[in-house]
Amino acid sequence: MKSTFSRILLTGVLTILIISCAQKEIPDSDQKQYHIPHLKTQGETTQLIVKGEPFLILGGELGNSSFTSVEYMEPIWPKLKAMNLNTILVPVYWELIESEEGIFDFKLFDQLVTKARNQDLKLVLLWFASWKNSMSSHAPGWVKKEQERFPRIKDDNGNSHEILTPFSENNLQADIKAFVALMKHIKEIDENEQTIIMVQPENEIGMLPVARDYHPLANKKFEEEVPIEFIDYLEKNKENLVPEFYDVWAGNGFKTSGTWEDVFGKDTHTDEIFMAWYYSKFTNKVIKAGKEIYPLPMFVNAALNRPGREPGRGYPSAGPLPHLMDVWKAAGPSIDFLSPDFYNPDFKHWCDLYTRQGNPLFVPEHRFDNTVAAKAAYAFGHYEAMGFSPFSIESTESTEDEPLGKMYNLLQQLSPMITKQHGQNKIEGVMFDKENNENIFQMGDYEFTVRHSYTLGYEAGARNETWDMCGAIFIQTGNNEFYIAGSGIVATFKNINNPNRTVGILKVDEGYFEDGEWKVLRHLNGDQIHQGRHVRTFADHYSIQRVELYHYE
Ligand code: DGJ
């Protein structure tokens, strides 16, 4: 009896020892990377992994002041659920968590995180700290009131503005201290649950009202040599620099030493490059310190510039903009990616610029207008985006009718399929209006010609002066099998390998996914596909269709 007992005890002790030794073999940092939300590449696509699975952010950003009380949020939660969001982008306000210097209060934050968790919503946090839309309005009162200690930028007339200068060590350390406290707290309350999946430190950083800071601390740096670290980056990456930036450097003779004006010329673009370097340095230090505690993916966002306008006077200078990508990346290796906020037209143009150099597309803000449903399909389809998120998402009163909610419903069902096919040229997206109403692309052996469904002339809306924007996502799942989801498109097909053969539609079913299983709702081989001539869905109808093609002589 005694010997059996000691054998059990010994086996138990040995098992514990073996388990703990085996665990020790995995370095702590790797374990963290593995089990908390992190980024991973599949082919050329960057995926966000949450609890071990790729996750598409079907998001919305709350208006700036909604996340400031439990009471105010109460009627908002059901709206978010009704629109099929899986994530919300929400501010964390420095002034509210550290209203007294060194004393951190996370009570409100915790209540709101719990509410989100109970709704099964993920959170992307926006750290409204040193900068929010260029300004420092969310810095705590004790920072704002002590200008000597926490200096502000100065314009070229020597006037101060409510923008903390990135050249002050005090400013940096105060921000870092608060951010580190936040990340420690998140680690404590959320490492198991993982409601918080990414962080955007600061918001729309940019210098106003002129292109660069003229504070004495800034002037001193401006007179110094361009840091060797930057020059090294430029030399190493010379052939891959974005053309807009390459041209500036080339225009001044590819200089590799001297002051900022020596290297880049005497112009406002040099002021902007200089500021971008120091904004990125500052933000990178905040991010690095936060990641040392809890390494969630962290990104920065930009208010897009208006082409032809002057930095500073015409738009916030030096933000993480496409023409400054190289500067932001060189100074900010801990920043995971750069993101555009859309309040401008030309969605495709800006997305093309932001997806250079392997930068993944994540749209943290888009004006919440009637184009967002189509753009979500296009972003996830054409750019294999990580996420999409209209701004002021709670502002609608008709959540049940929101096209975005209908599109998110389809995308949510298709998420496992989309993420499985990421990075293999098996996904495409389209987005149409009256002027841009056709797109031709290849998928496997087929050439797809896809048009706005109004081009058929069947729908009343076709006679309108402007056409509703429509969009869809296409996913290839077999040689001849595709899923098409969205609204307002019509598609026809050609065989690329054998153009003499005609492509026919073997069968089209409309349906949905339930627990990962495809369920057919309607079989469509009659009028709904014009008797085999095309695949279509009208502008007011959001559907998933499974399409099987074949070809004949
Ligand atoms: C962009 C900012 O990032 C948001 O916080 C918000 O202020 C919107 N602009 C308002 O349009």
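Nothing here was measured: the structure is a model prediction, and the numbers come from that model. Every number for a ligand or one of its atoms is a count from 1 in the order of the listing.
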Discussion item. Does anything in residues 299-334 form a ring-ring contact (aromatic ring centres under 6.0 Å, His included)? List the pairs, not counting sequence neighbours.
Written reply: Phe299-Phe337, Phe299-Phe362
Item to complete: Verify whether the ring centers belonging to Phe274 and Tyr278 lie closer than 6.0 Å.
Response: yes
Let me check something: any side-chain donor-acceptor pairs from residues 52-67 under 3.5 Å, sequence neighbours excluded? List them with distances.
{"residue": "Asn64", "atom": "OD1", "partner": "Lys132", "partner atom": "NZ", "Å": "2.7"}
{"residue": "Ser66", "atom": "OG", "partner": "Glu394", "partner atom": "OE2", "Å": "2.5"}

Worksheet item: Is the Trp127-Phe179 ring centre distance short of 6.0 angstrom?
Response: yes
Worksheet item: When the ring centroid of Phe282 is compared with that of Trp131, is the distance short of 6.0 Å?
Response: yes
Worksheet entry | First-shell residues of ligand 1 [heavy atom, distance under 4.0 Å] | Asn64, Lys132, Asn133, Asn203, Glu204, Asp341, Tyr343, Glu365, Phe391
Response to the item:
Residue set satisfying ring-ring contact (aromatic ring centres under 6.0 Å, His included) with Tyr454, at least two apart, ordered chain then number -> His452, Trp467
